[in-house]
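Before I ask anything, here is the structure I am working with.
Positions are given from 1, in the same order as the sequence printed here.
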Amino acid sequence: MSRLVGFYPGSFDPVTNGHLDVIERACKLVDRLVVAVGTHHSKAPLFAHEDRMELLRQTVDPIGKRTDTVIDVIEFAGVMVL
């Protein structure tokens, strides 16, 4: 059985209900969702990178449990290519 993995990159500065809605919907489509918190050297974020990571982990944990989806929150600093 193949496992489906989704990838959702963004700055999440701050995490919004819209972000959480996308995450919730994605969890219905995949077995594992990788949420990548990005950094951009030319932007001045509202929240520190570590704070955004922790806030996102706390908010997506219940979604992962409710949907039986593994959600990984990772750091992302690069280019995404499909």
Taking all heavy atoms of Val5 and all of Val30, pick out the closest pair and write down the distance.
->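 That closest heavy-atom pairing would be C-CG1, 4.0 Å.
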Would a 4.5 Å heavy-atom cut-off, applied to side chains only, mark Val35 and Ile71 as touching?
->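 SC-SC contact between Val35 and Ile71 confirmed.
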Check the pair Tyr8 / Val34 against side-chain contact (heavy atoms from CB on, under 4.5 Å), numbers first and verdict last.
-> CA-CA 6 Å; Tyr8 182 26; Val34 178; over 6 Å; no
Is Arg57 salt-bridged to Asp61, cutoff N-O under 4.0 Å?
->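 Asp61 and Arg57: not salt-bridged.
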Residues in side-chain contact (heavy atoms from CB on, under 4.5 Å) contact with Leu46, at least two apart in sequence or another chain =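 Partners of Leu46 by the side-chain contact (heavy atoms from CB on, under 4.5 Å) criterion, ordered by chain and then number, come out as Asp13, Pro14.
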Which residue pairs satisfy the ring pair (Phe, Tyr, Trp, His ring centres under 6.0 Å) criterion with at least one member in residues 13-39, sequence neighbours excluded?
->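 Applying ring pair (Phe, Tyr, Trp, His ring centres under 6.0 Å) to every pair that reaches into residues 13-39, excluding sequence neighbours, yields Phe12-His19.
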Euclidean distance, Ile63 CD1 relative to Thr69 OG1, rounded to 0.5 Å |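 Answer rounded to 0.5 Å: 10.0 Å.
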Partner residues of Arg32 under the salt bridge (charged side-chain N to carboxylate O under 4.0 Å, His left out) criterion, sequence neighbours left out =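 Expected list: Asp72.
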How about Asp21: does its CG atom have over 12 heavy atoms from other parts shown lying under 6.0 Å from it?
->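 Correct, the count exceeds 12.
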With Phe7, which residues qualify under ring-ring contact (aromatic ring centres under 6.0 Å, His included), at least two apart?
->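 Phe7: ring-ring contact (aromatic ring centres under 6.0 Å, His included) contacts with Phe76.
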Quick one: pull up CG in Leu33 and OG1 in Thr67 and give me the separation to the nearest 0.5 Å.
->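 Here the rounded value is 9.0 Å.
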Residues that Ser11 engages under side-chain hydrogen bond (donor to acceptor under 3.5 Å, both in side chains), provided they are two or more places apart |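 Result, side-chain hydrogen bond (donor to acceptor under 3.5 Å, both in side chains) vs Ser11: none returned.
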Gln58: side-chain contact (heavy atoms from CB on, under 4.5 Å) partners, not counting sequence neighbours =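 So Gln58 forms a side-chain contact (heavy atoms from CB on, under 4.5 Å) with Glu54.
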Answer yes or no: are there more than 12 heavy-atom neighbours, outside Arg66 itself, under 6.0 Å from its atom CZ?
->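 Counting other residues, nucleotides and ligands, CZ of Arg66 exceeds 12 neighbours.
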Separation of Leu55 CG from Phe47 CZ (nearest 0.5 Å) |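 That separation rounds to 7.0 Å.
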Could you check if a side-chain atom of Arg52 sits within less than 4.5 angstrom of a side-chain atom of Val15, using non-hydrogen atoms only?
->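 Sidechains of Val15 and Arg52: no contact.
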NE2-CE distance between His49 and Met53, expressed to the nearest 0.5 angstrom =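 The CE atom of Met53 is 5.0 Å from NE2 of His49, to the nearest 0.5 Å.
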Taking every non-hydrogen atom, the tightest pair across Arg3 and Asp31 =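 Looking at all heavy atoms of both residues, the closest pair is CA-OD2, 3.2 Å.
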Cluster link Leu20 to Val73, ILVMFWY, side chain under 4.5 Å =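 In one cluster with Leu20: Val73, yes.
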